[in-house]
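Written below as structure tokens is the structure these notes are about.
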Amino acid sequence: MSESATKEPAAQEELGTVVIGGGLAAAHCVHALREGGYAKPITLIASENEVPYERPPLSKEFLQGNKPAQELEPFPAGWYADAGVELRLGTTAESIDVAARQVTLRGSATVGYENLVIATGCRSRLGGRNANMDGWDLPGVYTLRSLEDSRKLKEQLVSGKNLVIIGAGWIGMEVAASARAAGVEVTVITPDGVPLATAMGTEFGAHVAQLHVANGVKCRFGTAVSGIGSDPRKGLVVQTPTGDVPADFVLLAIGAVPNNELAEAAGLEIGTGVVVDEHLRSSDPNILAIGDIAEAYNTTLGRAMRVEHWDNAIRQGKLAAATILGRDESYDWLPYFFTDQFDLGMEYVGDRAADDEVVVRGDMSAGEFIIFWLRHGVITAAMNVNIWDVNDHLRSMIGKNIPVSTLQDSDNELTAL
Ligand SMILES: Cc1cc2nc3c(=O)[nH]c(=O)nc-3n(C[C@H](O)[C@H](O)[C@H](O)COP(=O)(O)OP(=O)(O)OC[C@H]3O[C@@H](n4cnc5c(N)ncnc54)[C@H](O)[C@@H]3O)c2cc1C
């Protein structure tokens, strides 16, 4: 008998769950798997060289120097090893072989899976392949997506410097507030008439614009940027039809693009993101997608949607774990998000449409109010601004038909409504 014939057959490597991402959704998925008693191997593949962290403070407390990086971690760095999660930082997944159930990593190593979760999130628009604005790659032009981006931007926040922000969405307006707190001169340029126009409509947008102007932000609304140039004497210039705006540094904050490519190349169904059902399973039942990347079917709203918010990343991470653990849970919650800018803090819940009726409760000029959005008399969304501990009540009011006069009358307790 030959030597090889006497050997024990090599033990088959046990397959488990592989998560590609390393952001908030991925972290909550692996955490919920272990909390739920999942005993098979878990591998977390993360491009960034950072233990998973939360991004909201990158434009707020961290950027302002009020929160250290360690406090952004949803789970302590040591938790992953203690829980038997193989955390492969600085590792990029390059392709997925759905037939072989295998992920190939940069450098050609492979990892087999029983279940695969894609949580690759978004990247800033105009980074790399999305370039469609001249000058986006000049030195001194920044985008903000990662901890590393925020560290670089923070170094530039020196009193008296001149920052031009292109884009007046959440990240643009939050950075404007953080930069003003550091004494930076800030100009915000957007083709829209008010900030946050697409996300929140004109009423709240006008309120945010007033707040920023009152805090010294120069607003150039209704102005389209055609490109960014560099002048040997003037430095950076942001080019607009009404003239150049000089800048010491520029932030491009014109949205995010989902990192779909890996899933697309694997042949998964793609819509605005990776298309998944209410259990977050993609067109391949062994592959789930979660967080910013997932276009998921919401059973409460009766339609598919892709949501780029913190709360959704956490909840979908947990839901993917539930699906893998064989529990019959569904994507049934309403979108929720928050922001902090100057002395304004707000929370939004629901699913407003651009042409929904707007009903304000309270005095917007006093800075403390609630906005309801209604469609055919039914509440579709609500937002509390500088009024706290009411968001759960607002959430429970979505879908109800309450007369406008009743909503507006602050003497009617929300709890009673
Ligand atoms: C500056 C900023 C401020 C924000 N503020 C708020 C806020 O105030 N409120 C709110 O509700 N939401 C906010 N958000 C949105 C919120 O942070 C996101 O919705 C959330 O981070 C999404 O989590 P995710 O895990 O899906 O994706 P991400 O957090 O983007 O993580 C995806 C990770 O996958 C990695 N990756 C991508 N491709 C690969 C690959 N091939 N291999 C391995 N790894 C890969 C990426 O490098 C990244 O680390 C903010 C976002 C930013 C950027």
Side-chain angles (χ1 to χ4, degrees), residues 18-30 43-63 72 74 87-96 103-107 111 116-125 127-128 142-151 153-154 167 169-175 177-178 196 199 251 253 255-266 273-274 280 289-296 306-318 320 335-341 344-349:
V18 173
V19 182
I20 304 175
L24 193 59
H28 277 274
C29 179
V30 300
T43 308
L44 182 48
I45 297 164
S47 284
E48 290 183 64
N49 249 321
E50 312 276 358
V51 172
Y53 59 89
E54 305 208 337
R55 292 177 205 272
L58 302 184
S59 49
K60 310 179 194 73
E61 304 96 311
F62 178 78
L63 189 61
L72 311 189
L87 183 54
R88 299 181 71 161
L89 299 180
T91 306
T92 296
E94 288 211 318
S95 64
I96 302 163
V103 178
T104 301
L105 310 177
R106 186 165 295 163
V111 190
L116 177 67
V117 181
I118 305 180
T120 47
C122 288
R123 58 181 177 271
S124 299
R125 197 179 294 280
Y142 297 84
T143 54
L144 178 54
R145 184 74 205 172
S146 66
L147 192 51
E148 193 52 29
D149 294 339
S150 187
R151 286 193 183 109
L153 193 58
K154 195 170 163 189
W170 297 113
I171 291 178
M173 299 317 283
E174 288 172 359
V175 171
S178 297
L196 304 167
L251 176 72
V257 180
N259 293 318
N260 280 341
E261 291 78 2
L262 198 59
E264 195 168 7
V274 183
L280 306 178
I290 57 175
D292 281 10
I293 185 94
E295 180 187 323
R306 194 173 70 77
V307 176
E308 290 178 14
H309 291 305
W310 169 91
D311 172 73
N312 188 65
I314 295 173
R315 290 188 188 227
Q316 287 196 345
K318 292 178 182 175
Y336 164 91
F337 62 85
F338 59 90
T339 189
D340 290 302
Q341 299 170 28
L344 178 149
M346 76 81 162
E347 297 172 287
Y348 164 100
V349 63

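Counting convention: from 1, in listed order, for ligands and their atoms alike. Everything quoted here is computed from the prediction, not taken from an experiment.
Regarding atom 27 (O) of ligand 1, its nearest protein heavy-atom neighbour is Gly121 CA, 3.4 Å. The nearest protein atom to atom 16 (C) of ligand 1, hydrogens excluded, is given as Trp310 N, 3.8 Å; this is a heavy-atom distance. Atom 21 (O) of ligand 1 has Arg55 CD, 3.6 Å as its closest protein atom, hydrogens excluded (heavy atom only). The protein atom (non-hydrogen) at minimum distance from atom 25 (O) of ligand 1 is Ala25 N, 2.9 Å. Atom 30 (O) of ligand 1 has as its closest protein heavy atom Arg145 NH2, 2.8 Å. Among protein heavy atoms, atom 8 (O) of ligand 1 sits closest to Lys60 NZ, 2.5 Å. At the shortest separation from atom 34 (O) of ligand 1 among protein heavy atoms lies Gly21 O, 3.0 Å. Nearest to atom 13 (C) of ligand 1 among the protein's heavy atoms is Pro56 CG, 3.8 Å.
Within a 6.0 Å radius of NZ in Lys318, other residues, nucleotides and ligands contribute 12 heavy atoms or fewer.
Residue contacts with ligand 1: Thr91 is included, with a non-hydrogen atom under 4.0 Å away. Residue-ligand proximity: Ile293 is placed with every non-hydrogen atom at 4.0 Å or more from ligand 1. Ligand 1 does not have Glu50 within reach: every non-hydrogen atom of the residue lies 4.0 Å or more from it. Heavy atoms of Glu94 come nearer than 4.0 angstrom to ligand 1 in no pair at all.
Under 4.0 Å from ligand 1, the heavy atoms of Glu174 that appear belong solely to its side chain. For Glu308, every heavy-atom contact with ligand 1 shorter than 4.0 Å involves the backbone, none the side chain. The residue Trp170 has no part lying near ligand 1, judged by heavy-atom distances below 4.0 Å. Contact annotation: for Cys122 versus ligand 1, heavy atoms closer than 4.0 Å belong to the backbone alone. Both the backbone and the side chain of Ser47 come within 4.0 Å of ligand 1, counting heavy atoms alone. When non-hydrogen atoms are compared, ligand 1 lies under 4.0 Å from the backbone of Thr92 as well as from its side chain.
Considering backbone and side-chain N/O atoms, Thr339 never comes within less than 3.5 Å of an N/O atom of ligand 1. Considering backbone and side-chain atoms together, Ala26 places no N or O closer than 3.5 Å to any N or O of ligand 1. Polar contact check, Phe338 against ligand 1: a nitrogen or oxygen pair lies under 3.5 Å apart. Not a single N or O atom of Leu58, backbone or side chain, sits closer than 3.5 Å to an N or O atom of ligand 1.
Counting heavy atoms from C-beta outward, His28 and Pro74 have side chains that approach closer than 4.5 Å. Under the 4.5 Å side-chain criterion, counting only non-hydrogen atoms from C-beta, Pro258 is not in contact with Arg123. Using a 4.5 Å heavy-atom threshold, the side chains of Asp149 and Leu58 count as separate. Contact check for Pro52 versus Leu24: no side-chain heavy atoms found under the 4.5 Å cut-off. With contacts defined as side-chain heavy-atom distances shorter than 4.5 Å, the pair Leu105/Arg88 qualifies. Under the 4.5 Å side-chain criterion, counting only non-hydrogen atoms from C-beta, Phe62 is not in contact with Ser178.
Distances below 4.0 Å separate heavy atoms of Ile20 from the following atoms of ligand 1: 40 (C), 42 (N), 43 (C). Within the listing of ligand 1, atoms 25 (O), 29 (O), 31 (O), 33 (C) sit less than 4.0 angstrom from a heavy atom of Gly23. Using a 4.0 Å cut-off to heavy atoms of Phe337, the atoms of ligand 1 that qualify are 11 (O). Every atom of ligand 1 is numbered from 1 in the order shown, and the set under 4.0 Å from a heavy atom of Gly291 is 26 (O). Every atom of ligand 1 is numbered from 1 in the order shown, and the set under 4.0 Å from a heavy atom of Glu48 is 47 (O), 48 (C), 49 (O). The atoms of ligand 1 that sit less than 4.0 Å from any heavy atom of Ile45 are 43 (C), 44 (N). Set against the non-hydrogen atoms of Ala313, the atoms of ligand 1 under 4.0 Å away are 22 (C), 23 (O). Contact atoms of ligand 1 toward Asp292: 18 (C), 19 (O), 20 (C), 22 (C), 26 (O) (distance under 4.0 Å to a heavy atom of the residue).
None of Leu262, Asn260, Thr120 except one satisfies the side-chain contact (heavy atoms from CB on, under 4.5 Å) rule with Val274; the exception is Asn260. Just one residue in the list Thr91, Thr92, Asn259 forms a side chain to side chain donor-acceptor pair (under 3.5 Å) with Ser47, and that residue is Thr92. Each of Phe338, Tyr348, Phe337, Trp310 was checked for a ring-ring contact (aromatic ring centres under 6.0 Å, His included) with Trp170, and the lone residue meeting it is Phe337.
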Quiz item: Given Ile118 and Ile96, is the side-chain contact (heavy atoms from CB on, under 4.5 Å) satisfied, shown in steps?
Solution: CA-CA 10 Å; Ile118 305 180; Ile96 302 163; 3.8 Å; yes
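At least one donor-acceptor pair under 3.5 Å links the side chain of Arg145 to the backbone N or O of Cys122. In this structure, Gln316 contributes its side chain and Gly291 its backbone to a donor-acceptor pair below 3.5 Å.
When every heavy atom of Gly22 is checked against every heavy atom of Leu44, the shortest pair comes out as N-CD1, 3.9 Å. Taking every heavy atom of both residues into account, Leu147 and Glu50 meet most closely at CD2-OE1, 3.5 Å.
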